[in-house]
Amino acid sequence: MSNSSQPNDRLEQAVAILECGGIVAVPTETVYGLAANAHDADAIARIYKTKGRPAFNPLIAHASDLAMAQVIGEFDDLSLRLAETFWPGPLTLVVPILADTGIAPAVTAGLPTIALRHPLGSMAELAKRIGSPLAAPSANSSGKVSPTCARHVQDDLGNKVDLILDEGDCKVGVESTIVKVDDGKVVLLRAGGLPVEDIEAVVGPVHRSAGNPRIEAPGMMLSHYAPSSPIRLNANCLTDGEALLAFGAPLTRDAPQLNLSPSGDLKEAAHNLFSMIKQLDALNPLGIAVQPIPETGLGAAINDRLSRAAQGTR
Ligand code: TXA
Ligand code: MG
């Protein structure tokens with residue numbers, strides 16, 4: 001599905017805006033990104049400003065394909081194997097950046113590495129049409145939950161962006177998995193839309209990052225994804241005034257609630273996660289109690305985002 005489902009004239013409009021240094025909200029299979037030409041320093045500066053994003057937190061560059069990514073990053077054998085196996089898809093690879101790429105320095109926030117991804121859909125198509133990677137963080141104000149539909153972007157960033165391409169709901173619903181090959185080992189920097197088990201089936205054991213996550217993946221701050229209502233994890237009862245985010249059989253039916261997946265399907269739960277957090281938060285409950293979610297497969301990414309959301313509201 002490298003072709004997008006956008007009408008051609010909307011894509012052409014997006015191309016024209018990106019070529020003039022504008023910023024466009026573009027869907028991927030994971031979440032919506034806020035995209036600019038990765039070579040355009042002014043446009044990249046505007047992305048940081050629009051999101052209120054700290055300058056030390058680098059962006060992911062989205063390529064039209066592996067060949068475009070290899071013009072910018074140095075791929076060792078393992079990184080190449082991962083790209084060939086999982087691209088296009090919800091996997092970001094952090095690799096050393098090559099010399100003289102012309103990529104705006106702010107994209108990598110001064111790091112000697114760059115995060116690269118070949119996503120599905122319009123983002124890759126636009127990178128192809130402008131002949132340059134698109135730098136794109138998730139299209140939300142810094143510290144907020146990532147958008148999984150055009151309405152989320154509209155509500156948060158609205159007229160601060162030049163165009164929002166609406167392709168409906170993102171299929172995966174959580175951000176990409178980020179890995180880096182270090183000393184011949186694959187290191188997980190962020191759990192995400194590609195289950196670690198799938199990566200391990202191809203390259204063997206994946207190491208959890210031993211370093212400080214603020215340095216390894218600087219955006220992984222504990223206060224990320226903060227809704228306004230306090231979040232309580234692994235709930236096995238409900239207190240007065242709390243709303244329930246259920247998974248599987250609900251704890252109770254006597255409270256405002258949404259169910260991530262009544263059948264206990266982790267893919268469905270990931271797809272619904274951000275949207276349901278936003279919907280429950282909008283009810284202004286005293287808190288949001290979340291039922292336990294298994295740590296396997298996409299559960300790792302779901303639990304990671306939920307625990308950040310819980311930290312952020314403490
Ligand atoms: O699914 C996704 O990954 C979405 C879509 C739009 O592609 N993007 C996304 O971007 O989630 P963002 O900016 O919200 O998160 C990117 C993460 C941040 O935690 C950032 O610190 C990390 O990637 N990152 C970027 N470049 C890095 C690098 N060179 N080394 C380590 N971490 C890096
Ligand atoms: Mg983000």
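Each ligand, and each atom within it, is numbered from 1 in the order the structure gives.
The shortest distance between side-chain heavy atoms of Pro88 and Pro119 does not fall below 4.5 Å. A heavy-atom distance below 4.5 Å is not found between the side chains of Leu283 and Gln279. Between Leu120 and Thr28, every side-chain heavy-atom pair lies at or beyond the 4.5 Å cut-off. Inter-residue side-chain proximity for Phe86 and Leu194 is flagged as met; some heavy-atom pair is nearer than 4.5 Å. Leu134 has its side chain within reach of Leu18: a pair of non-hydrogen atoms, C-beta onward, lies under 4.5 Å apart.
Looking at Met123 against ligand 1, nothing comes within 4.0 Å, counting heavy atoms. Contacts between Leu59 and ligand 1 below 4.0 angstrom, taking non-hydrogen atoms only, involve the backbone exclusively. At a heavy-atom distance under 4.0 Å, only side-chain atoms of Arg53, from C-beta outward, approach ligand 1. Under 4.0 angstrom from ligand 1, there are no non-hydrogen atoms of Lys180.
Taking each of Ile47, Asn57, Thr28 in turn, the one with a heavy atom nearest to atom 18 (C) of ligand 1 proves to be Asn57. Among Ala139, Ser142, Ser138, the residue whose heavy atom lies nearest to atom 12 (P) of ligand 1 is Ser138. Considering only non-hydrogen atoms, atom 16 (C) of ligand 1 lies nearest to Ile60 out of Thr30, Val174, Leu111, Ile60.
Not one N/O/S atom of Ser146, from backbone or side chain, sits under 2.8 Å from the Mg ion (ligand 2).
Close approach to His62 involves these atoms of ligand 1, each under 4.0 Å from a residue heavy atom: 5 (C), 6 (C), 7 (O). Near Pro137, with a cut-off below 4.0 Å to any heavy atom, the atoms of ligand 1 are 10 (O), 12 (P), 13 (O). Heavy-atom proximity to Thr113, at under 4.0 Å, picks out these atoms of ligand 1: 28 (C), 29 (N), 30 (N). In summary, the atoms of ligand 1 found under 4.0 Å from a heavy atom of Gly33, numbered by their order in the structure, are 6 (C). The contact set between ligand 1 and Ile178, taken as ligand atoms under 4.0 Å from a residue heavy atom, comprises 17 (C), 23 (O). Less than 4.0 angstrom separates some heavy atom of Ser176 from each of these atoms of ligand 1: 1 (O), 2 (C), 3 (O).
Looking at Val95, Leu116, Val179 one by one, the single match for side chain to side chain contact (heavy atoms under 4.5 Å, CB included) with Ser79 turns out to be Val95.
Using a 4.0 Å cut-off between a side-chain N of Lys or Arg and a carboxylate O of Asp or Glu, Asp162 and Arg46 qualify as a salt bridge. With salt bridges taken as basic N to acidic carboxylate O contacts below 4.0 Å, none links Arg190 and Glu175. A salt bridge links Arg117 with Glu29: the closest approach of a Lys/Arg side-chain nitrogen to an acidic carboxylate oxygen falls below 4.0 angstrom.
Close N/O approach between Thr92 and ligand 1 is not found [any backbone or side-chain N/O within under 3.5 Å].
Within a 6.0 Å radius of CD in Glu19, other residues, nucleotides and ligands contribute more than 12 heavy atoms.
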